[in-house]
Amino acid sequence: MTGPEDAAADVPTEAWSGVHRGPLRAGEWVRLVDQKGRRHNVALEPGKRFFSSRGHLDHDDLIGREEGFTVVSSAGGEYLVFRPLLTEFVVSMPRGAAVVYPKDAAQIVAFTDIFPGARVVEAGVGSGALTCSLLRAVGPQGRVSSYERREEFADVARRNVTRFFGGEHPAWTLSLGDLSEALPASGERADRVILDMLAPWECVDAVAEALVPGGLVCVYVATTTQLSRVVETIRAHGAFTEPHAWESLVRDWHVEGLAVRPGHSMTGHTAFLVTARRLAPGQRAPLKKRRPAPGAYGPDYTGPRPPWLPPQADAGQGDG
């Protein structure tokens, strides 16, 4: 059995979770939520005050208390006080590039089966939002190697990741450079590769070389033209299983007694996700028996061609 002391004990430092339990401490971040749902992230410092249109709060009144309480400001405003969750941290972090939203980060971690101890390659790093989820999943015994072309984005990501974990995570390396050149030069082998970049199809050869047999590549792209190009490039490469593409949409629901209805707003399209698995060297997936839709690879199509498709496929070669 665990006693009160065990329940209040902090998360072990060596876990590198970015999470604390027990009384709030100086230097920690807290999330203040007012009666209208407005959110404020505050780093606790002794002797400091938080100011808003509803007066002020003394940090000293928060430090030392267990999270999950309500505090009243000098002008009567009420605020809920919690430590921020990772999903809350990433949507409010300083940004260089756009962040990977929590709904997509969760799908990436789940559907690419990121596991403790995994060796993960990520490009680009953006603002570090996905990096935090990947590091949380692989743990200190794993490895996340992030590549970023733009130094200003790398600097923002480094600050955000270090801020969330409270120090430099031992499983993380961040390199400046183009993945298509830097990854082969490193000789690195990976269990998973995550691509969040403008032209991920340029990196398919490098990814195939780095991935172990059975490893997964996951690509995060925003537009349908990017989606088509990367799927067809992976398909034509021949070293991967048939790519799987999807997107997720998240809609809140309003629930009050008998008033149960969809919310007025939703998190709609943010990006498409594409996954495929690395085949063993020299192996190819079974040929698809289902023919493409009529016109799929007709005379107007100029992109990469699947290896099983006849060179002169035209609009008339659809399902028969």
Side-chain angles (χ1 to χ4, degrees), residues 100-126 128-139 141-148 171-175 178-180 182-184 186-222 226-248 270-288 304 306-307:
V100 175
Y101 274 80
K103 73 179 182 68
D104 296 319
Q107 300 236 337
I108 290 170
V109 170
F111 285 97
T112 62
D113 196 23
I114 307 291
F115 56 90
R119 301 166 298 177
V120 179
V121 170
E122 174 198 24
V125 71
L130 178 60
T131 310
C132 290
S133 292
L134 296 176
L135 287 168
R136 175 78 71 73
V138 305
Q141 303 303 316
R143 185 184 74 222
V144 175
S145 300
S146 301
Y147 292 84
E148 176 56 56
W172 189 40
T173 58
L174 174 58
S175 304
D178 189 325
L179 182 78
S180 62
L183 185 56
S186 72
E188 187 173 359
R189 300 287 279 168
D191 301 302
R192 309 288 187 263
V193 177
I194 316 297
L195 302 179
D196 174 15
M197 54 204 310
L198 289 175
W201 47 87
E202 296 176 352
C203 300
V204 171
D205 286 337
V207 169
E209 183 179 335
L211 271 177
V212 299
L216 282 94
V217 60
C218 179
V219 187
Y220 180 92
V221 291
Q226 289 174 305
L227 175 65
S228 175
R229 181 73 178 272
V230 73
V231 166
E232 296 297 351
T233 301
I234 292 173
R235 184 177 281 147
H237 188 278
F240 296 91
T241 58
E242 175 68 10
H244 173 62
W246 78 98
E247 69 171 335
S248 63
T270 50
F272 300 104
L273 294 172
V274 180
T275 54
R277 298 193 74 174
R278 178 68 164 95
L279 298 168
Q283 299 297 305
R284 287 188 175 273
L287 294 179
K288 289 180 64 176

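From a predicted model like this one, the values you see are computed outputs, not experimental measurements.
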Leu179 vs Val121, side chain to side chain contact (heavy atoms under 4.5 Å, CB included): CA-CA, chis, key distance, verdict:
CA-CA 9 Å; Leu179 182 78; Val121 170; 3.8 Å; yes
Please find the pair of heavy atoms, one from [X] and one from [Y], that lie closest to each other, and give the distance.
X: Glu188; Y: Ser145; value: OE2-OG, 2.6 Å
X: Arg143; Y: Val138; value: N-CG2, 4.1 Å
X: Ala137; Y: Ile114; value: CB-CG2, 3.5 Å
X: Leu227; Y: Ala245; value: CD1-CB, 3.8 Å
X: Ser248; Y: Gln107; value: CB-NE2, 3.7 Å
X: Ala276; Y: Ile234; value: CB-CG2, 4.0 Å

How long is the span from the [atom1] atom in [X] to the [atom2] atom in [Y], to the nearest 0.5 Å?
X: Lys103; Y: Leu273; atom1: NZ; atom2: CG; result: 7.5 Å
X: Asp104; Y: Ser133; atom1: CG; atom2: OG; result: 10.5 Å
X: Leu130; Y: Ile108; atom1: CG; atom2: CD1; result: 5.0 Å

Show every donor-acceptor pair shorter than 3.5 Å between a side-chain atom in residues 215-222 and any protein atom, with sequence neighbours excluded, or say none if there are none.
none

Does the side chain of [X] reach to within under 4.5 Å of the side chain of [Y], using non-hydrogen atoms?
X: Val125; Y: Trp172; answer: yes
X: Val230; Y: Leu195; answer: no
X: Cys203; Y: Tyr147; answer: no
X: Phe111; Y: His244; answer: no

Could you list the residues that satisfy side-chain hydrogen bond (donor to acceptor under 3.5 Å, both in side chains) with [X], not counting sequence neighbours?
X: Asp191; answer: Arg119
X: Ser175; answer: none
X: Glu232; answer: Arg235, Tyr297
X: Thr112; answer: none

- Query: Can you name the salt bridge (charged side-chain N to carboxylate O under 4.0 Å, His left out) partners of Asp205, sequence neighbours left out?
  - Reply: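 Asp205 satisfies salt bridge (charged side-chain N to carboxylate O under 4.0 Å, His left out) with no residue once adjacent residues are dropped.
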Next on the checklist: Per the salt bridge (charged side-chain N to carboxylate O under 4.0 Å, His left out) rule, what does the pair list look like for residues 107-118, sequence neighbours excluded?
Outcome noted: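 For residues 107-118, and leaving out neighbouring residues, the salt bridge (charged side-chain N to carboxylate O under 4.0 Å, His left out) pairs sorted by first residue read Asp113-Arg192.
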Next item on the list: Can you tell me which residue pairs pass the salt bridge (charged side-chain N to carboxylate O under 4.0 Å, His left out) test with a partner in residues 271-285, sequence neighbours excluded?
Entry: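 As it turns out, there is no salt bridge (charged side-chain N to carboxylate O under 4.0 Å, His left out) pair with a partner in residues 271-285 once direct neighbours are skipped.
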Test log, rule side chain to side chain contact (heavy atoms under 4.5 Å, CB included), inputs Asp196 and Glu122: CA-CA 8 Å; Asp196 174 15; Glu122 174 198 24; over 6 Å; no
State which residues pass side chain to side chain contact (heavy atoms under 4.5 Å, CB included) with [X]; sequence neighbours excluded, sorted by chain then number.
X: Ala199; result: Trp201, Glu202
X: Glu209; result: Pro184
X: Ala280; result: Pro213, Gln283
X: Pro102; result: Thr87, Val90, Val91

Hey, does the side chain of Glu148 reach the backbone of Gly126 with a donor-acceptor pair shorter than 3.5 angstrom?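 Between the backbone of Gly126 and the side chain of Glu148 there is a qualifying donor-acceptor contact (under 3.5 Å).
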_Can you confirm whether Gln141 is buried at CD, in the sense that more than 12 heavy atoms of other residues, nucleotides or ligands lie under 6.0 Å from that atom?_
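No, because the 6.0 Å sphere around CD of Gln141 holds 12 heavy atoms or fewer from other groups.
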- Item | Enclosure of Phe272 CZ (heavy-atom neighbours >12, cutoff 6.0 Å) |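 Enclosed.
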